[in-house]
There are 2 protein chains.
Amino acid sequence: MNLKELASRLGLSPTTVSRALNGYPEVNETTRERVMAAAKRHNYHPNTRAIRLATGRAMAVGHVIPIASRHEIVNPVFADFIAGAGETYSRNDYDMLLSVVSDDQEEDTYRNLKSKGNVDGVIVHAPRLDDQRIRLLFDIGLPFVVHGRSSGSTLPYSWLDVNNRRAFSRATEFLLDLGHSRIALVNGLEFMDFAIRRRGGFSDALQQRGLAPDPDLMASEEMTEVAGYRAARRMLALLVPPTAFLVSSMISGMGVRRAIEERGLAMGRDVSVIIHDDDLSYLKNGEDVPIFTATRSSVREAGRQAAEMLLHMIVSPREGPQQRLLEAELIIGQSTAPVRRL
Amino acid sequence: MNLKELASRLGLSPTTVSRALNGYPEVNETTRERVMAAAKRHNYHPNTRAIRLATGRAMAVGHVIPIASRHEIVNPVFADFIAGAGETYSRNDYDMLLSVVSDDQEEDTYRNLKSKGNVDGVIVHAPRLDDQRIRLLFDIGLPFVVHGRSSGSTLPYSWLDVNNRRAFSRATEFLLDLGHSRIALVNGLEFMDFAIRRRGGFSDALQQRGLAPDPDLMASEEMTEVAGYRAARRMLALLVPPTAFLVSSMISGMGVRRAIEERGLAMGRDVSVIIHDDDLSYLKNGEDVPIFTATRSSVREAGRQAAEMLLHMIVSPREGPQQRLLEAELIIGQSTAPVRRL
DNA sequence: TGTTGCATCCAAAGCGGTTTGAAATCGATT
DNA sequence: AATCGATTTCAAACCGCTTTGGATGCAACA
């Protein structure tokens, strides 16, 4: 069942039927109802491929998921971010197209997406310092929203980010207020923009109180359980070990906890830990009482909002770039306590 | 730059250019080379939308990700499965379309995917007992491959699954061989097919040795850290607590470990734990020495293979359904030891 | 009565490819 | 020289929709 057939059954032209279904004004209300009814009765669904060719719009947005070629790691926040974005897309009848590519093919992927015309815009994931993709997307003229920011980029682009700097400076201050002065940072890889900002917030807060960040107490690694464990183990073995940890993710935090307990210490008593909690649906930070004290910001909500921004840009392209900065909450859990001299 | 323009620049008809580019035999080799060269020189990429309309193929496959409407949980294995499938798709120039829908809209989603014609096939995720989607997809004639199986389905459909039953019976036997007899099962939700099979393997192995599964030692919940923790805590508080746990996922396993340690016990000494490890990239089970003893099967590899099966079905539809059963390895880690009377 | 304007409807030309059926070219064969 | 078959090329139809640029009918107006 297609437009032409439906039209002939109704004794109307395809033009009129198309207009009736798409809500154009130049069609009699009674005929519109007839058409609507017939469409429903015959279970007519317009062929997406035809619509796309005719309108020139793809009605789809792309997410290019980079796989770090060295580590082959899929960032676990993608699942939730995409779930959030997906909600927005389906509400607006857009498709979501996923390209999983190793990071050295990313540029080609964007180029292809544009020239083959299968998306109207893209979300840029995991921005790095002075990220080249921003310039590229500008040049090829594909609308985009960055999840995160890219320090060093001078072009005015659209982004949605969590205030990582503020989140980590608040968390640091909180630990300082508890009397901790040997605070360790178990950060993500510091070519990632968010990791740089987090370190900035951490260092700032220390310096504000006249403390210098100790390089021995700073790690920058993949955010996995094992990496968190190793970093914490190394630091706890120092002559003057840290009494508190600031950790970039729930998963690393679990590794840190393992290292702490392995030394016979107890998290939340002997050693304090604050993590950043992306509020992943499958990794809830406890139920009523949070396990970890945490800076929390829902990555799923970020996905919803980033997708909305992108759709808006696609529909009204002349409105210029938008930015949105989300604040993280500081959630007090069971993993922090006043410093305790060992 | 489009076909027509490229053709006129070459002084050829669109027909010939199209054929030259698509490798049809009825075109002179020298002209083909001319065409190829010109296409490259002018950076010509055929418009996907036009190809799709003309050929009637979508060159895309859909993944419908159900969100359990009660719990709003995105299954964490999706990220890796999709990464694997994505590799296959990009190698074959297929797009991957993701629909994230709450599970009560799933049926409509499949229907739309078919009638609007934006995919050539789908992967069915997270099959349940006697899953209705199998019948539906048969009825609407959309090629599909199930990741997992659906006990009770009588139709011959294509699937790729891990031998969950065998994996869990082997793990149980391993614990029995270590002298454990109070073995607990912390399972996933048991309307999921894989969870049913795992319980089957577990019970079988016990009964084989003349032991009856104790209902108090069996939990069936969402596979989250907190759920694992709660289940284990409850069981450890029993009059006769378990000396070993069989746990359905790495994440639940972390919760189980937390419960164990909270009671002042040590995992791998006082209490043994075996988990199922999907070999997720961001949740590696240790490095050289695995943390957990585990039944392991890479969900990413499953994604790669399932995608290959689906593409094969799309290209050669008359070949009938295929099945593939992957075996899990049993990895010995630090979380198991001979039983120790408490 | 002849215009004018509005409300409706339609034919046809796109969108950018693929594919069918036929034509042109050319060497080989009778 | 005429015929044939194989090779190579092309014009035009087609995929299923949108959209432009009229048509048509009818009431209102001068």
Side-chain angles (χ1 to χ4, degrees), chain A residues 1-36 38-39 42-60 93-95 112-120 315, chain B residues 1-36 38-39 42-60 93-95 112-120 315:
Chain A
M1 173 59 60
N2 56 20
L3 225 210
K4 205 191 291 184
E5 193 174 337
L6 185 65
S8 79
R9 277 182 203 246
L10 283 161
L12 288 170
S13 75
T15 311
T16 305
V17 176
S18 168
R19 285 180 167 153
L21 293 173
N22 291 316
Y24 283 72
E26 60 267 67
V27 45
N28 193 317
E29 271 313 312
T30 65
T31 46
R32 188 195 302 282
E33 278 159 26
R34 264 182 64 217
V35 172
M36 292 290 210
H42 293 96
N43 193 31
Y44 168 71
H45 289 270
N47 181 306
T48 319
R49 296 191 285 266
I51 295 180
R52 288 177 175 167
L53 179 56
T55 60
R57 290 174 307 165
M59 293 303 284
D93 277 319
Y94 270 73
D95 282 342
N112 276 338
L113 246 30
K114 169 69 179 185
S115 62
K116 303 203 297 180
N118 26 19
V119 300
D120 297 319
V315 176
Chain B
M1 173 61 59
N2 56 18
L3 224 212
K4 206 191 289 183
E5 192 175 336
L6 185 65
S8 79
R9 277 182 204 248
L10 282 161
L12 288 170
S13 74
T15 311
T16 304
V17 175
S18 169
R19 285 180 167 154
L21 294 172
N22 292 314
Y24 282 71
E26 60 267 64
V27 43
N28 193 317
E29 270 314 313
T30 66
T31 48
R32 187 197 302 282
E33 278 160 26
R34 262 181 67 215
V35 172
M36 292 292 211
H42 294 97
N43 194 31
Y44 167 72
H45 289 271
N47 181 306
T48 320
R49 296 191 285 267
I51 295 180
R52 288 177 176 167
L53 178 57
T55 60
R57 290 174 308 164
M59 292 303 285
D93 278 317
Y94 270 73
D95 283 342
N112 276 338
L113 247 29
K114 170 68 179 185
S115 62
K116 304 203 298 181
N118 27 16
V119 300
D120 297 320
V315 176

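In this text, all values refer to a predicted model and were calculated from it rather than measured experimentally. Quick note on labels: first sequence line is chain A, next is B, and so on, each numbered from 1.
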In whole Å, what is the span from the [atom1] atom of [X] to the [atom2] atom of [N]?
| X | N | atom1 | atom2 | result |
| --- | --- | --- | --- | --- |
| B:L21 | C:dG17 | CG | C1' | 11 Å |
| B:R57 | C:dT19 | CZ | P | 8 Å |
| B:L53 | D:dA13 | CG | P | 17 Å |
| B:H45 | C:dG17 | NE2 | P | 12 Å |
| A:N47 | D:dC15 | CG | C1' | 8 Å |
| A:N118 | C:dG16 | CG | P | 15 Å |
| A:Y24 | C:dC6 | OH | P | 21 Å |
| B:K4 | C:dA13 | NZ | P | 13 Å |

Restricting to nitrogen or oxygen on both sides, can you table the protein-nucleotides 8-10 of chain C pairs closer than 3.5 Å?
residue	atom	partner	partner atom	Å
C:dC9	OP2	A:N28	N	3.1
C:dC9	OP2	A:T31	OG1	3.1
C:dC10	OP2	A:S13	N	2.9
C:dC10	OP2	A:S13	OG	3.3
C:dC10	OP2	A:T16	OG1	3.0
C:dC10	N4	A:R19	NH1	2.5

Drop me the distance from [X]'s [atom1] to [Y]'s [atom2], to the nearest 0.5 angstrom.
| X | Y | atom1 | atom2 | result |
| --- | --- | --- | --- | --- |
| B:H42 | B:L10 | NE2 | CG | 7.5 Å |
| B:L6 | B:R9 | CG | CZ | 8.0 Å |
| A:K4 | A:N2 | NZ | CG | 7.0 Å |
| A:I51 | A:N22 | CD1 | CG | 7.0 Å |

Can A:K116 and B:D95 be counted as an ion pair, charged N to O under 4.0 angstrom? no
Answer whether the closest heavy-atom distance between the side chains of B:N43 and B:M1 falls below 4.5 Å. no
Taking the side chain as everything from C-beta on, heavy atoms only, tell me whether A:N118 gets closer than 4.5 Å to B:R49.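 A side-chain contact is absent here, since even the closest heavy-atom pair is not under 4.5 Å.
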Need one value for B:L3: base, sugar-phosphate or nothing, where a base atom within 4.0 Å counts as base even if backbone is also close, heavy atoms only. base
Under 4.0 Å between any heavy atoms, over every strand shown, what does B:I51 touch: base, sugar-phosphate, or nothing? Just pick one. sugar-phosphate
Counting only side-chain nitrogens and oxygens, does B:Y44 get under 4.0 Å of the OP1 or OP2 atom of C:dG16?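 For C:dG16, neither OP1 nor OP2 has a side-chain N or O of B:Y44 closer than 4.0 Å.
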